[in-house]
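Below is one structure; the comments refer to it alone.
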Amino acid sequence: MQDKFYPFREIEPKWQKRWEEEKLFEVREDSNRKKYYVLEMFPYPSGRIHMGHVRNYSLGDAYARFMHMRGFNTLHPFGYDAFGMPAENAAIKMGIHPAKWTLNNIGVMRSQLDKLGYSYDWSREVTTCLPDYYRWNQWFFIRLFEKGLAYRKLSKVNWCNQCQTVLANEQAAGGRCWRDDSLVVQKELNQWFFKITDYAEELLQDTDQLADGWPERVLAMQKNWIGKSQGATVQFPIEGSSLQLTIFTTRIDTIYGATSIILSPDHPMLSQLDMPTDARLHLGEFRNRLRQGSSSEKETHSQEKEGLFTGVYAVNPFTEEKIPVWIANFVLMEYGTGAIMAVPGHDQRDYEFSSKYGLEIRPVIFPADGSPLPSGLAYEEYGVLRNSGPFSGLTSEQALCDMSEYAGQKGFGTATTTYRLRDWGISRQRFWGTPIPMIHCPGCGVVPVPFEQLPVLLPDTSEIQTTGGSPLAMMESFVQTTCPCCTGPALRETDTMDTFVDSSWYMFRYLDARNDTLPFRREKADYWLPVDMYIGGITHAVLHLIYMRFFAKAMRDLGLTGLDEPVARLFTQGMVLKDGSAMSKSRGNVVDPDDMIREYGADAIRLFILFAAPPERDMEWSQSGIDGCSRFLNRLYSLTSRFAPTLPGSAAAFDPAELPESSRALLRKTHQTIHRVTLDLGERMHYNTVVSSVMELFNAIGDYVTARGEDWPGDSLLRFSLETTLQLLSPLTPHITDELWERLGHGTCLIQESWPAYDPALGAEDEVEVVIQICGKIRSKILVARGRSQEELQQLALADPAVQKHIAGKALRKCIIVPDRLVNLVV
RNA sequence: GCGAAAGUGGCGGAAUUGGCAGACGCGCUGGACUUAGGAUCCAGUCCCGCAAGGGGUGGGGGUUCAACUCCCCCCUUUCGCACCA
């Protein structure tokens, strides 16, 4: 078994040890060198790494090593997103302390990572569940609180029964929990929030800055999530009362067609309305019915529209017309003002609703080209206003402006922008997270823990109560404290922070990971940031990646950095599949990285995982694919080992001009490969074509060697080509290449060498194959010296026997020539 | 329904600006060496055809001397959003 392969079991540990001893990957700021910051999304320490991690880290490692060799001062750190529920659940189930469980997992994962040979600067390692990390979460919390960016309010929140905690909106998108996909319910609770909405506009605007470096789809998802919408709010007085209903509309131009006002069933003003008794009774029933059907029916997206007349009327301030006030299930309290004006002529939803309940449909916008209005549905396009008093005749575009201005002048409305984005709810009713550093004092109210008392430590216990509330609330010794203001008895806040807080700024902590007076120093941030290349899955497009952007901006406004955006380039990698679907225990299709390392070695796995598909696409794990990569490394090993003892000592000891043609071809191929690999690795990140180019080069080396017979000792060109192959491959398969580099007589590791330089003169073909087409069909190919003129090429083409056969007796009408490539004769 | 991405041999996938479709790898076929092979080496491998030649990048149209590549329409798949007023 063992002798089937090159001895990777000796080679890989040998080099891992040496890299560590020589501290090759530890970096510090150096103002004389250009920096490069490569980062992979840090993992949750669930126990073992999986192939998705291997892909993620192999991509990042290849890139970091490549940038290192290109001369950049390359930062490549690693850490663990170590707070979270699996540890807590393990504690509840088995009585293990979550810290013990977590740190044990980290130990296992670390040994797996070590075996894969990644170039991390471990001196900067970060573990978010340790006090020296989470104290800074608390520090940020208080700083944000002081700036009014952290606040507490009673509100309806998403509650996941599985997780027994509240979730942020981003974590409950589509009404389902991001973690376990179960349905979330609404609960009214007092919760801490971060005021991300203060940054809604900036988060939206700055997507422009990111357009070059981030995938379009991620930005689209974020923009969509922020959901900016420009329109107007208009106040409708309630007839016979001093109350007003405020509605939000993006189509104030249609307001003369409004035939009712519709409120959300949750609208707070409902309780103040002077509703007839029977309507009030029906309202109660109506709400109950909605609540019963709620969760699962919210799933079906085209829920039947249902409404109820309140018996109350409002006055359209434009027309002074009296219109009925309804409530309906399709008006959401969470968006806009929770109240709309229904314009059934120009909004399909209002049309459906109004048709059902017999409300008037009154068209006020008509197509500008005079074509008739569609029948049976609402006309939602812009057009020209009619039946709109003084605004009749205006275009929609003009009316949108004029009418909100008019409303402003008259004092019953204003141009308004709303966002779908809501504040980030960060309270969690869980144990294993950062304690929120606040104290509830009966006299002084809610006050922050003084900075010098941080961190507020989690109790050291594995006995976690699960009675439904926050576990910390059950722990008397944690809860009881004294007020920092009045020194009287007080109670600690018992909720912990969302773990997305931890991951929102870890890329900053890496810069100064051992600092115990600040989260990081400004000068470190100024040197290293932004992250130049951030690699991870797309699953966090509107979770982690938007929180992280918010945090960066808030930190900037706290004076900690001078940076608008923390990540310049985001690369989203595809998933690793087996038999067409994601690996999972329940499907039984998991391939364990450890098994693969044992059988094939880290280099073969890394090579295959990069070769099998372009990195942004999903890839299929294939047994025979990794066999193929393993074979390639075996060939590389045996051929290099065979020539190592006999090769001439220097790779530069030949004169390109003196080489025979058969040698020049290999020299050309070598330079062409340098060129291609440099572009594919650096600009496109297409590792799959990097691997195939190097394989091509190695095949050419094989042919070169085979042609020279068994006893041939090799020449300096062979040395040059082999060494180049090792250099180009070293970011991908660092162990075998360092080993062979050493066997070729070098004392360095390849990451200490500079990246090979492409010489265009040596890479250029001096003979090229020119395709001859007749009317676009290939009829012949000729081999000519590079740089032939158009006239020469045309003459050569016409003289070709195959061409003559095809054009015999026909007149040449046109001749298209692409120098060095193609001649197309049109007859 | 809206938005985005993708569709190329038996399979994973190549193809700078429109310029030789199928690189590289897997698999398969035949051969060599072998006690043996999941090792190694050699040859072949898009389809039709003995050949000359013809056809071919989801389907249909178009632009062009020339289209996997650009434009229009349609189909399929994946992902995201989904009563957002």
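Chain identifiers are assigned alphabetically (A, B, ...) following the order of the sequence lines, protein sequences preceding nucleic acid strands; residue numbering begins at 1 within each chain.
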Legend entry - For E792(A), all residues meeting side-chain hydrogen bond (donor to acceptor under 3.5 Å, both in side chains), sequence neighbours excluded: S789(A)

Legend entry - Sequence-aligned protein contact record of nucleotides 3-15 of chain B, with B where the base is within under 4.0 Å of a protein heavy atom and S where only the sugar-phosphate is: ---------BSSS

Inset, instruction - Please report, rounded to the nearest Å, how far the C1' atom of rC83(B) is from the CH2 atom of W326(A). - result: 18 Å

Legend entry - Residue whose closest nucleotide on RNA chain B lies nearer the 5' end, T706(A) versus S624(A): S624(A)

Legend entry - Separation of atom CD1 in I774(A) from atom P in rG53(B), rounded to whole Å: 11 Å

Legend entry - Which nucleotide in rA21(B), rA85(B), rC81(B) has an atom nearest any side-chain atom of I778(A): rA21(B)

Legend entry - Spacing of I340(A) atom CD1 relative to rC83(B) atom C1', expressed in whole Å: 10 Å

Inset, instruction - Check whether any side-chain nitrogen or oxygen of R779(A) sits under 4.0 Å from OP1 or OP2 of rG54(B), and answer yes or no. - result: yes

Legend entry - Whole-angstrom distance between rG44(B) and rC26(B), as gauged at atom C1': 16 Å

Inset, instruction - Could you work out which one of rA39(B), rG19(B), rC24(B) sits closest to the side chain of R631(A)? - result: rA39(B)

Legend entry - Pairing residues for D595(A) by the side-chain contact (heavy atoms from CB on, under 4.5 Å) criterion, not counting sequence neighbours: D592(A), R598(A)

Inset, instruction - Could you tell me whether V691(A) contacts a base, only the sugar-phosphate backbone, or nothing, with contacts defined as non-hydrogen atoms closer than 4.0 Å? - result: nothing

Show every donor-acceptor pair shorter than 3.5 Å between a side-chain atom in residues 690-697 of chain A and any protein atom, with sequence neighbours excluded, or say none if there are none.
unit_1, atom_1, unit_2, atom_2, d
S692(A), OG, N688(A), O, 3.3
S692(A), OG, T689(A), O, 3.2
S693(A), OG, T689(A), O, 2.7
E696(A), OE1, K669(A), NZ, 2.9

Inset, instruction - Could you give the distance separating rU17(B) and rG27(B) at their C1' atoms, to the nearest angstrom? - result: 36 Å

Legend entry - Criterion side chain to side chain donor-acceptor pair (under 3.5 Å) on Q222(A) and R549(A), from CA distance to verdict: CA-CA 11 Å; Q222(A) 292 209 353; R549(A) 293 182 59 215; 2.6 Å; yes

Legend entry - Listed partners of R55(A) passing salt bridge (Lys or Arg N to Asp or Glu O under 4.0 Å), at least two apart: none

Legend entry - Test: R708(A) cationic atom under 6.0 Å from Y704(A) six-membered ring centre, within 45° of axis: yes

Inset, instruction - Scan I538(A) against the nucleic acid and name what it touches under 4.0 Å (heavy atoms): base, sugar-phosphate only, or nothing. - result: nothing

Inset, instruction - Provide the distance between the two C1' atoms, one in rU57(B) and one in rG22(B), to the nearest whole Å. - result: 9 Å

Inset, instruction - Whenever both distances are under 3.5 Å in a Watson-Crick or G-U wobble pair, mark it; put RNA chain B into dot-bracket that way, with [ ] for crossing pairs and | when the partner is on another strand. - result: (((((((..(((......[....)))((((((.......))))))(((....)))..(((((..]....))))))))))))....

Inset, instruction - Would you classify K777(A) as touching base, sugar-phosphate or nothing, given that sugar-phosphate means primed atoms plus P, OP1 and OP2, and contacts are heavy atoms under 4.0 Å? - result: sugar-phosphate

Legend entry - Same-atom distance (P) from rC48(B) to rC11(B), integer angstrom: 15 Å

Inset, instruction - Please state the P separation for the pair rC24(B) and rU34(B) - nearest whole angstrom. - result: 30 Å

Inset, instruction - Specify the separation, in whole Å, of atom CZ of F608(A) and atom C1' of rC26(B). - result: 9 Å

Inset, instruction - With heavy atoms under 4.0 Å as the rule, sort Q348(A) into base, sugar-phosphate or nothing. - result: nothing

Legend entry - Residues E765(A), R668(A): salt bridge by 4.0 Å N-O rule: yes

Legend entry - Which nucleotide in rU16(B), rG38(B), rA23(B) has an atom nearest any side-chain atom of E599(A): rG38(B)

Legend entry - Between P of rA82(B) and CG of L332(A), the distance in whole Å: 11 Å

Inset, instruction - Could I get the full list of side-chain hydrogen bond (donor to acceptor under 3.5 Å, both in side chains) partners for Y379(A), not counting sequence neighbours? - result: none

Inset, instruction - With sequence neighbours left out, write down each residue that passes side-chain hydrogen bond (donor to acceptor under 3.5 Å, both in side chains) with Q623(A), or none if nothing qualifies. - result: Y600(A)

Show me the protein contacts with nucleotides 61-70 of chain B, counting only N or O atoms at under 3.5 Å.
unit_1, atom_1, unit_2, atom_2, d
rC65(B), OP1, K814(A), NZ, 3.3
rC65(B), O2', N824(A), ND2, 3.3
rC65(B), O2, N824(A), ND2, 2.4

Legend entry - Same-atom distance (C1') from rA85(B) to rA4(B), integer angstrom: 25 Å

Inset, instruction - To the nearest Å, give me how far apart CH2 (W178(A)) and C1' (rG80(B)) are. - result: 18 Å

Inset, instruction - Indicate syn or anti for rG9(B), taking the glycosidic torsion and treating anything within 90° of 0 as syn. - result: syn

Inset, instruction - Remember a base hit wins even if backbone is also touched, and classify R813(A) as base, sugar-phosphate or nothing at under 4.0 Å, heavy atoms. - result: nothing

Inset, instruction - State which residues pass ring-ring contact (aromatic ring centres under 6.0 Å, His included) with F330(A); sequence neighbours excluded, sorted by chain then number. - result: F353(A)

Inset, instruction - Tell me whether the OP1 or OP2 atom of rA85(B) has a side-chain N or O from S229(A) closer than 4.0 Å. - result: yes

Inset, instruction - To the nearest Å, give me how far apart CG (L421(A)) and P (rC81(B)) are. - result: 15 Å

Inset, instruction - Can you sort out the partners of K223(A) under side-chain contact (heavy atoms from CB on, under 4.5 Å), two or more places apart, ordered by chain and number? - result: L204(A), T207(A)

Legend entry - With sequence neighbours excluded, residues passing salt bridge (Lys or Arg N to Asp or Glu O under 4.0 Å) with E216(A): none

Legend entry - Check against side chain to side chain donor-acceptor pair (under 3.5 Å), T246(A) and T233(A): CA-CA 6 Å; T246(A) 302; T233(A) 46; over 6 Å; no

Legend entry - Electrostatic pair E201(A):K228(A) at N-O distance under 4.0 angstrom: yes

Legend entry - Same-atom distance (P) from rA23(B) to rA43(B), integer angstrom: 15 Å

Inset, instruction - Quick one: label D350(A) by what it contacts on the DNA or RNA (base, sugar-phosphate, nothing), any heavy atom closer than 4.0 Å. - result: nothing

Legend entry - F248(A) CZ - rA85(B) P separation (whole Å): 7 Å

Inset, instruction - Taking atom P in both rG55(B) and rG49(B), compute the distance separating them and give it to the nearest angstrom. - result: 16 Å

Inset, instruction - Indicate, with a heavy-atom threshold strictly under 4.0 Å, whether G628(A) touches base, sugar-phosphate, or nothing. - result: sugar-phosphate

